[in-house]
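As structure tokens, the structure follows; a few thoughts come after it.
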Amino acid sequence: MARNFAPGITLEDFDPSSHPEQLGHLAPPGEAWERDLSASNAQILAMRSAEGAIDGCALLTARSAGAYLKISSVLGRTTEHLGQVVQAVLDHARQQGLACVKWEIRLGHPDLQDLAQNLGFERLPAPRRSAHRTGRASAAGFVQWLAPARYLRNPHYQQTENFTCAAVAALTAHQETSRIQSLGELRVAELMLWREATNFMACEPIELGLAVARRWPRSPVRVWLDTREPVMVDYYSEADRDWRAVLQRQSRLQADTAGLDLRTERLAMPQIVEALAGGAQVLLLVSLERMLGFDVPHWVLCHGIAGTAERPVVVIEDSWVNDSSAESWVDATCLPIAAQELDSMSVLEDGRYRAALVLG
């Protein structure tokens, strides 16, 4: 069902059976319209003439629970129409109280990149992508923040294995995903740090804290974990839980010996926001259920703040890109999530615990 906004502007759910055909008079829709958009909350913002013809439109997608919109494609009869459509997207995002609008522009469209910058969008650093990964990367990314934002402007690096999220988050926090020049060497660093931090297959918070402290001894790390029970084990059989529990008990003993700063109370979301506002970074364990629809534990890097004091938004870097849906690295980098949403997704498993590492 279409919903009216300004005169001539409508917003409607994307219909793959009809929308691409309706827009053929503007331009060949292209690859962005042919992907599986079922998991991307896809919508069409269309600008119509007085006669009802579509003069311009934008394909809007976003990761669930994210406080942003992404322009995946924009079509228009003229450059003026393109600019008007993008402005309508920005107006809509402001009305929704979103933190930013991102714009993914396929390479080979310098005219759209110029338009993005003329309309106040900031170009995102080009991603660093290992040849080991498959999927889409041939696009430029832009962002326009609709409220003040302070965050780490690092090139996005996509984890090369399904299980190395914690290692990539820690490497990103220490800017080694930028400093290590060779992508081959960066992948080695990713896998070696995972091997040092894991209690198989996952990196639980205490062993991760020990590995971070060993690799960056001059960088303060504080581990927060509000349970003494084994964590990240609900997904395994009873037999597999048992030996993982043994390893985690050994991690606690090593933490005591090494003098690791381990806090046993819960790190509250206001404390996370305060730490980020003070310049710290936070490795936070979340479930991907709210964002991507599958309930698995996953480490992300919280590295910035946007929004207002009343409605803070946390800016995260997510090394996981869901290539099977319409998202790309543009979604996963400097991803804004309302603090209230992040609060919900970072309480895990039957134990309802929170795991976090505060860096700096």
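Any value given below was found using the heavy atoms of this structure, including those in side chains, with hydrogens, waters and symmetry copies removed.
Considering every non-hydrogen atom in both A332 and L335, the closest pair reads O-CB, 4.0 Å. The shortest non-hydrogen separation linking A355 to L284 is O-CD1, 3.6 Å. Taking all atoms of both residues into account, the shortest heavy-atom contact from E104 to S328 is OE1-OG, 2.9 Å. When every heavy atom of L285 is checked against every heavy atom of P297, the shortest pair comes out as CD1-CB, 4.0 Å. The nearest pair of heavy atoms linking V233 to Q248 is CG1-NE2, 4.0 Å. Of all non-hydrogen atoms in C203 and M232, the two that sit nearest each other are O-SD, 3.6 Å.
Taken to the nearest 0.5 Å, the CG atom of L301 stands 9.5 Å off from the OG atom of S319. Atom CG of D295 and atom CE of M345 lie 12.0 Å apart (nearest 0.5 Å). For the atom pair C302 SG and I316 CD1, the distance stands at 6.5 Å (nearest 0.5 Å). Distance check: I180 CD1 to E185 CD gives 7.5 Å after rounding to the nearest 0.5 Å. To the nearest 0.5 Å, atom NE2 of residue H156 and atom OG1 of residue T333 are 6.0 Å apart. Distance check, rounded to the nearest 0.5 Å: CZ of R290 to CG of L342 gives 10.0 Å.
Under the 30°/60° scheme for interplanar angles, the aromatic rings of H303 and Y151 are found to be tilted. Ring orientation note: the planes of F294 and W320 are nearly perpendicular, at an angle over 60° on the 30°/60° scale.
Contact annotation: the side chain of E317 never approaches that of L152 to less than 4.5 Å [non-hydrogen atoms, C-beta and beyond]. Taking the side chain as every heavy atom from C-beta outward, F142 and I71 never approach each other to under 4.5 Å. Between D261 and V223 the shortest side-chain heavy-atom distance does not fall below 4.5 Å. Counting only heavy atoms from C-beta outward, the side chains of W103 and V101 never approach each other to under 4.5 Å. Under the 4.5 Å side-chain criterion, counting only non-hydrogen atoms from C-beta, H92 is in contact with L69. Between L124 and C334 the shortest side-chain heavy-atom distance falls below 4.5 Å. Side-chain contact between W243 and F200 is present, with at least one heavy-atom pair separated by less than 4.5 Å. Between F121 and V86 the shortest side-chain heavy-atom distance falls below 4.5 Å.
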Under the side chain to side chain contact (heavy atoms under 4.5 Å, CB included) criterion, do L359 and L283 qualify, and how do the steps go? CA-CA 8 Å; L359 309 179; L283 302 184; 4.2 Å; yes

Assess whether salt bridge (charged side-chain N to carboxylate O under 4.0 Å, His left out) is satisfied between E196 and R215, documenting all intermediate values. CA-CA 10 Å; E196 188 174 356; R215 184 177 179 90; over 6 Å; no

L210/L260 under side chain to side chain contact (heavy atoms under 4.5 Å, CB included): CA gap, chis, key distance, verdict: CA-CA 7 Å; L210 287 167; L260 182 69; 4.2 Å; yes

Let me see the working for R150 and I305 under side chain to side chain contact (heavy atoms under 4.5 Å, CB included), right down to the final yes or no. CA-CA 6 Å; R150 187 178 71 178; I305 287 291; 5.8 Å; no

What do the steps show when you test S219 against V221 for side chain to side chain contact (heavy atoms under 4.5 Å, CB included), and what is the final call? CA-CA 6 Å; S219 176; V221 55; over 6 Å; no

May I have the step-by-step check of salt bridge (charged side-chain N to carboxylate O under 4.0 Å, His left out) for E207 and R252, ending in yes or no? CA-CA 8 Å; E207 192 68 31; R252 285 186 178 272; over 6 Å; no

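Between N199 and S251, the side chains place a donor N or O and an acceptor N or O closer than 3.5 Å (distance only, hydrogens not considered). A donor-acceptor pair shorter than 3.5 Å cannot be found between the side chains of E80 and T78. No hydrogens or angles considered: a donor-acceptor pair under 3.5 Å links the side chains of E190 and T164. In this structure, a donor-acceptor pair under 3.5 Å is absent between the side chains of T172 and N154. Side-chain atoms of S64 and N41 include a donor-acceptor pair closer than 3.5 Å. In summary, the side chains of Q271 and R266 do not present any donor paired with an acceptor at a separation below 3.5 Å, with no hydrogens or angles considered. Between the side chains of D318 and H298, a donor-acceptor pair is found at a separation under 3.5 Å.
Of the possible donor and acceptor atoms, none in the side chain of E161 sits under 3.5 Å from a partner among the backbone N and O of F163. With hydrogens and angles ignored, the 3.5 Å screen pairs a side-chain donor or acceptor of R128 with a backbone N or O of T177. For the pair Q84 (side chain) and Q87 (backbone), a donor-acceptor distance under 3.5 Å is absent. In terms of modelled atom types and a separation under 3.5 Å, the side chain of T198 and the main chain of W194 share no donor-acceptor contact. Proximity of a side-chain donor or acceptor of Q43 to a complementary backbone N or O of T61 within less than 3.5 Å is not detected. Between the side chain of E51 and the backbone N or O of A53 there is no donor-acceptor pair closer than 3.5 Å. Between the side chain of Y68 and the backbone N or O of V143, no donor-acceptor pair lies under 3.5 Å. The main-chain N or O of A170 is found under 3.5 Å from a side-chain atom of H174 such that the two form a donor-acceptor pair. When atom types are taken as modelled, the side chain of K102 and the backbone of V330 share a donor-acceptor pair closer than 3.5 angstrom. Proximity of a side-chain donor or acceptor of D234 to a complementary backbone N or O of D350 within less than 3.5 Å is detected.
A salt bridge links D343 to R354: at least one charged side-chain nitrogen sits closer than 4.0 Å to a carboxylate oxygen. Using a 4.0 Å cut-off between a side-chain N of Lys or Arg and a carboxylate O of Asp or Glu, K70 and E327 do not qualify as a salt bridge.
In Q117, the CD atom is crowded: over 12 heavy atoms of neighbouring residues, nucleotides or ligands sit closer than 6.0 Å. Remark: R94 CZ is packed, more than 12 non-hydrogen atoms of other residues, nucleotides or ligands lying under 6.0 Å away. Few gaps surround CD on Q254; more than 12 heavy atoms of other groups in view lie less than 6.0 Å from it. Within 6.0 Å of CZ in R153 there are more than 12 heavy atoms belonging to other residues, nucleotides or ligands.
Under the 4.5 Å side-chain heavy-atom criterion for ILVMFWY residues, no single connected hydrophobic cluster contains both V273 and V313. Two different hydrophobic clusters hold V231 and V347 under the rule that ILVMFWY side chains link at heavy-atom gaps under 4.5 Å.
Within the structure, the salt bridge (Lys or Arg N to Asp or Glu O under 4.0 Å) test picks out no pair touching residues 241-250 (sequence neighbours left out).
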